[in-house]
Each structure stands twice: as structure tokens, then as C-alpha cells.
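All values reported here derive from a predicted model rather than from experimental measurement.
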Protein chains: 2
Amino acid sequence: MGRNKLPMKRIENNTSRLVTFCKRRNGLIKKAYELSVLCDIDIALIMFSPSGRLNHFSCKRRTEDVLNRFVNLSDSERGRYLYTISI
Amino acid sequence: MGRNKLPMKRIENNTSRLVTFCKRRNGLIKKAYELSVLCDIDIALIMFSPSGRLNHFSCKRRTEDVLNRFVNLSDSERGRYLYTISI
DNA sequence: TTCGCTATGTATAACAA
DNA sequence: TTTGTTATACATAGCGA
């Protein structure tokens, strides 16, 4: 998106990485909010910023409550992983 | 986005709501993945589908590990809430 | 629930501040 | 770290299957 296409890898320039984080985080939260409202669902989103600070977002319920809903599921119910990407 | 602009409220038609969930969930996961890679950060995303099924996603670490990182923060550190929208 | 198509609405990269 | 501007790249609504 934007003026150029960004290669999908870590942005090495510190300033650029922080600016991109700031903007994309806001975009991601907006999308999460829209999905929650349009589809009437619980969402929790947890992010640790490049500087290590926590950023979290939730809709309809508190983040902690959504997490509890997650934690209280059995392993089999929790098994529906979409992706787990480890680098 | 798309052919028409959607009003920001619950989609009442059941089929439409499920189709929209399916598509936007995939888009949200893609965005979360990109943010994690570009900015080199931990992310966890938890969603309960309209049918009540869990969908979760994480990058770099397992969802459970990101949640633990969240849970282990003190209240003050956790205080940086961006938004909490209760309906 | 998911996939393909495609007209349109959005998000965002680069730059400046 | 966040905001504004603007040219582009992307996401997605509606429809058919």
C-alpha cells in the first residue's frame, strides 16, 4: 500500500519502523473494531510495541474477559489454530 | 470498501454476517501478520466467530505465551488501554 | 463456509513537520 | 511518537456458485 510496495520483512530503519507501527497499529485496531461490530463478536488484540510497551484492544468485553473465555476452553476446542508463525 | 459502503452496525442477515466474518477475519489476520513481521513484535489475536467458535492467531510466539506476557504485567503497565468499547 | 470476480472504498508509504 | 498530505496499492461488498 502507499507510494511503494514494502517488502514483507523487518523494517531496519528505527524511525521508519516506529512510524509504521504507530500507523498500522491504528489501522489494525480499526479493522478489529469493525469486525466486532459488523459481526457482533468478541475480539481481543494484544501487541507489544517495538519499544516493548503493551498495546491492547478489545471490543464488547474487557481484554481480560476475552482471555478468560480463551483460557477456559479445553485443548480440543482451542485447537482451531489458524496460523502459528514462528520466526 | 467494496461495491457499497457498509453502515457500521451489526449485519442482521445471517448469511451475510458469516460471509463478512470469514473475509474480514482473513484480512485482519493478514494485517496482524504483516505488522508483526514489519515491526518485529509479538501479537496475539483472539476472536469468537458468530457461531461461537474460537479463532486465534499469533506471531513469533504461541498465543498462550503472548497472553502470559500480558497477564504477568502489573496493572499499571497494563494500563495503557487504547480503547475499550462496550456495547 | 469458502472461492472467484471486479467495481469501489480504504489503508498506507514516503516525506515533512 | 504522532499528525497531515497525496499518490498508489490493497481490501472488500455484492453476486454467483
Side-chain angles (χ1 to χ4, degrees), chain A residues 1-43 45-59 73 76-85, chain B residues 1-43 45-59 69-70 73 76-85:
Chain A
M1 253 169 252
R3 300 297 178 82
N4 294 309
K5 181 169 182 172
L6 262 192
M8 194 44 53
K9 61 175 190 175
R10 184 180 197 276
I11 297 171
E12 294 302 336
N13 180 279
N14 286 312
T15 301
S16 299
R17 191 170 64 259
L18 290 174
V19 171
T20 293
F21 174 75
C22 176
K23 293 188 173 187
R24 278 185 175 252
R25 180 201 57 193
N26 292 341
L28 190 64
I29 288 173
K30 183 181 177 189
K31 291 286 189 184
Y33 165 73
E34 292 180 350
L35 180 59
S36 176
V37 171
L38 292 172
C39 301
D40 192 23
I41 61 168
D42 284 344
I43 285 189
L45 178 60
I46 298 175
M47 302 167 274
F48 288 89
S49 79
S51 56
R53 240 157 121 197
L54 170 71
N55 290 254
H56 61 121
F57 165 81
S58 63
C59 219
L73 290 177
S76 62
E77 290 172 307
R78 213 185 288 174
R80 185 170 164 67
Y81 250 94
L82 289 174
Y83 304 90
T84 303
I85 299 166
Chain B
M1 259 170 247
R3 302 294 179 82
N4 294 310
K5 183 170 181 172
L6 263 192
M8 196 43 55
K9 62 174 190 175
R10 183 179 198 276
I11 297 171
E12 294 301 337
N13 179 279
N14 285 312
T15 300
S16 298
R17 192 171 64 258
L18 291 174
V19 170
T20 292
F21 174 75
C22 177
K23 292 185 174 184
R24 281 183 173 253
R25 180 201 58 193
N26 293 340
L28 190 64
I29 288 174
K30 183 181 178 188
K31 292 284 189 187
Y33 165 72
E34 292 180 349
L35 180 59
S36 175
V37 171
L38 293 172
C39 302
D40 192 24
I41 61 168
D42 285 342
I43 286 189
L45 178 60
I46 298 175
M47 301 168 274
F48 288 89
S49 78
S51 55
R53 240 158 124 194
L54 169 70
N55 289 254
H56 60 120
F57 165 81
S58 63
C59 220
R69 191 174 166 188
F70 175 85
L73 290 177
S76 62
E77 291 172 305
R78 211 185 290 175
R80 185 170 163 67
Y81 249 96
L82 289 174
Y83 302 89
T84 304
I85 298 165

*To the nearest 0.5 Å, tell me how far B:Glu34 CD sits from A:Met1 CE.*
6.5 Å
*side-chain contact (heavy atoms from CB on, under 4.5 Å) with B:Arg17: which of B:Thr15, B:Val19, B:Asn14?*
B:Asn14
*asked:* If you define the side chain from C-beta out and look only at heavy atoms, does anything of A:Leu38 sit under 4.5 Å from B:Met8?
replied: yes
*Just by modelled atom types, is the B:Ile41 backbone N or O under 3.5 Å from a matching donor or acceptor in the B:Ser36 side chain?*
yes
*Would you give the length of the straight line joining atom CD1 of A:Ile11 to atom CG of A:Leu18, rounded to the nearest 0.5 angstrom?*
9.5 Å
_Residue-level proximity of residues 1-17 of chain B to DNA chain C when a heavy atom falls under 4.0 Å_ = B:Met1, B:Gly2, B:Arg3, B:Lys5
*May I have the distance from B:Arg24 (atom CZ) to C:dG9 (atom P), rounded to whole angstrom?*
14 Å
*asked:* Does a side-chain N or O of B:Arg25 approach OP1 or OP2 of C:dT1 to a distance below 4.0 Å, or not?
replied: no
*Report yes if a side-chain nitrogen or oxygen of B:Lys30 is closer than 4.0 Å to either non-bridging phosphate oxygen (OP1 or OP2) of D:dC10; otherwise report no.*
no
_Which nucleotide wins on minimum distance to the side chain of B:Leu18, given the candidates C:dT1, D:dT12, C:dA13?_
C:dT1
*Can you find a pair of side-chain heavy atoms, one from B:Leu45 and one from B:Asn55, that are under 4.5 Å apart?*
no
*CG of A:Asn26 versus P of D:dT2: gap in Å, rounded?*
7 Å
*Toward the 5' end of DNA chain C, which comes first, B:Leu38 or B:Cys22, by nearest nucleotide?*
B:Cys22
*Going from CZ on B:Arg24 to NZ on A:Lys31, what distance comes out if it is rounded to the nearest 0.5 angstrom?*
5.5 Å
*Please measure how far the C1' atom in D:dA17 lies from the corresponding atom in C:dT1, and state the result in whole Å.*
13 Å
*Write down the distance between CZ (B:Phe21) and P (C:dT1), rounded to a whole number of angstrom.*
8 Å
*Whole-Å gap separating P (C:dT1) and CG (B:Asn55)*: 8 Å
*Whole-Å distance between D:dG4 P and A:Lys23 NZ?*
10 Å
*Just how far, in rounded Å, is P of D:dA13 from NZ of A:Lys31?*
8 Å
